[in-house]
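Note that this is a predicted model, so its numbers are computed, not measured. Numbers here are sequence positions counted from 1.
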Amino acid sequence: MKKKAVKRKIRLDVKSNAGGTGKTTLVTHLAYILGKKGYSVTVIELDPLGSLKIFTGAFSKTEDPPPEKTLASVFRDDFKGNYPLFPIWENKIHNVNVILGGAPLEESIHKIYSHSRKYYLLHDRLEDYPLESDIIILDNPGGLEPMGLVALAAATDILVVMQLEYKALYGSAGLINWFYDKINELRLRPEPKILGFVPSQVNIKKVAAHRNIGEEIPNQLQELGISCFPPIRESNQFINASGVGLPIHLFAPACEAIKDFDPIVAKIIELMSQD
């Protein structure tokens, strides 16, 4: 496929303030769809739990990659730009890579706290040794610190994945305040922009809370000047697909949930088309 023309490269920080929200599902599907459309994509996993290898089939399900094959090597003092890239879904696309996280990042976390550049370490690596990708997607752990701050400092744009639970409804304002507080504290210039919130694992037909919160949350976010994307529905096909390391497009191409990603992809492409 002919490579797409890109005016602006994106580093998209995909966050949630809890685990199990469907964040890595969103990350892998955005990577596949954008790759299929002709954009070059690198997913960087900042999560010590290392689930990306399962979702993408990039490494053995039963073993952790050695430190030199993970993001841990990028944080080393002797790093010279040799990113440990794993190509994924090569039989279908040829422009999507991952840099895996996993257990080796536990030592990196201690290094970050003691490093003179702390949360700017990944930003510095990407500036000093730029990846050729049109878009870099940063897959965070469920918590916000410290890797959440490392990703924030490296990002141009932020996407927040949330479940339609009442604690998420009441916590959205606090999370937005956290972003702006940390952006100011880290003196990030230019400031990363919040692309929007994405409700995930939604079952409007069967779960009353999803219906009620799904009606409230876009209005609440709009009052804060933040967009809310249409929800990504709950489907067992996501679980089944991730278990064999595939996006749902390859595992169950007739699944209706496939189209749920389209508004987010369209917004990302719009951003990459801007000067």
Side-chain angles (χ1 to χ4, degrees), residues 11-32 41-90 96-126 128-129 131 133 136-155 159 161 200 238-247:
R11 296 179 193 162
L12 182 63
D13 180 9
V14 181
K15 274 187 168 40
S16 66
N17 60 353
T21 59
K23 174 177 48 59
T24 301
T25 296
L26 176 61
V27 165
T28 53
H29 284 80
L30 292 180
Y32 174 80
V41 184
T42 297
V43 179
I44 299 179
E45 182 181 34
L46 294 97
D47 191 347
L49 293 180
S51 59
L52 192 63
K53 66 178 183 179
I54 299 173
F55 281 63
T56 62
F59 200 80
S60 167
K61 294 181 182 180
T62 58
E63 300 177 29
D64 282 319
E68 64 271 16
K69 296 293 185 181
T70 73
L71 183 61
S73 68
V74 178
F75 291 129
R76 287 175 54 95
D77 291 335
D78 60 356
F79 180 74
K80 298 298 181 185
N82 51 328
Y83 290 99
L85 298 170
F86 282 93
I88 54 176
W89 310 312
E90 286 185 282
V96 180
N97 296 285
V98 298
I99 299 176
L100 296 174
L105 288 183
E106 294 289 354
E107 183 176 343
S108 299
I109 290 172
H110 296 295
K111 178 179 179 60
I112 287 166
Y113 281 125
S114 62
H115 197 277
S116 60
R117 290 287 291 170
K118 284 188 171 68
Y119 307 121
Y120 301 93
L121 196 49
L122 180 58
H123 167 273
D124 292 349
R125 296 294 190 256
L126 294 173
D128 293 343
Y129 306 101
L131 287 162
S133 304
I136 296 170
I137 305 178
L138 305 169
D139 184 23
N140 283 268
L144 294 173
E145 299 185 30
M147 286 303 193
L149 289 175
V150 172
L152 183 65
L159 193 62
V161 184
S200 182
F238 286 124
I239 299 172
N240 297 334
S242 64
V244 295
L246 293 174

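Trp89 and Val96 make their closest contact through CZ3-CG1, 4.3 Å (heavy atoms, listed as atom of the first residue, atom of the second, distance). Heavy-atom minimum distance, Ser16 versus Val161: CB-O, 3.2 Å. The two residues Lys15 and Asn140 come nearest to each other via the heavy atoms NZ-OD1, 3.6 Å. Listed here is the closest heavy atom pair of Ala72 and Leu105: N-CD2, 3.7 Å. Closest approach of Thr25 to His29, counting heavy atoms only: O-ND1, 2.7 Å. Scanning all heavy atoms of the two residues, the minimum distance from Pro87 to Leu85 falls at CD-O, 3.8 Å.
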Run the numbers on Phe79 and Asp124 for side-chain contact (heavy atoms from CB on, under 4.5 Å), then give the verdict. CA-CA 11 Å; Phe79 180 74; Asp124 292 349; over 6 Å; no
Could you please spell out the steps behind the side-chain contact (heavy atoms from CB on, under 4.5 Å) verdict for Glu45 and Ser51? CA-CA 9 Å; Glu45 182 181 34; Ser51 59; 4.2 Å; yes
Going through the distances and angles, do Leu46 and Leu71 end up as a side-chain contact (heavy atoms from CB on, under 4.5 Å)? CA-CA 7 Å; Leu46 294 97; Leu71 183 61; 3.9 Å; yes
Check step by step if side-chain contact (heavy atoms from CB on, under 4.5 Å) holds for Ile109 and Phe75. CA-CA 9 Å; Ile109 290 172; Phe75 291 129; over 6 Å; no
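Formation of a donor-acceptor pair under 3.5 Å by the Ser73 side chain with backbone atoms of Lys69 is not found in this model. The closest donor-acceptor contact from the side chain of Tyr83 to the backbone of Tyr129 lies under 3.5 Å.
For residues 99-115, the set of pairs meeting the side chain to side chain donor-acceptor pair (under 3.5 Å) definition, not counting sequence neighbours, comprises Asp77-Lys111.
A side-chain contact (heavy atoms from CB on, under 4.5 Å) with Leu138 is found for exactly one of Ile44, Val27, Thr42, Val43, namely Ile44.
Of the inter-residue distances, the one linking Thr70 atom OG1 with Lys53 atom NZ reads 11.0 Å to the nearest 0.5 angstrom.
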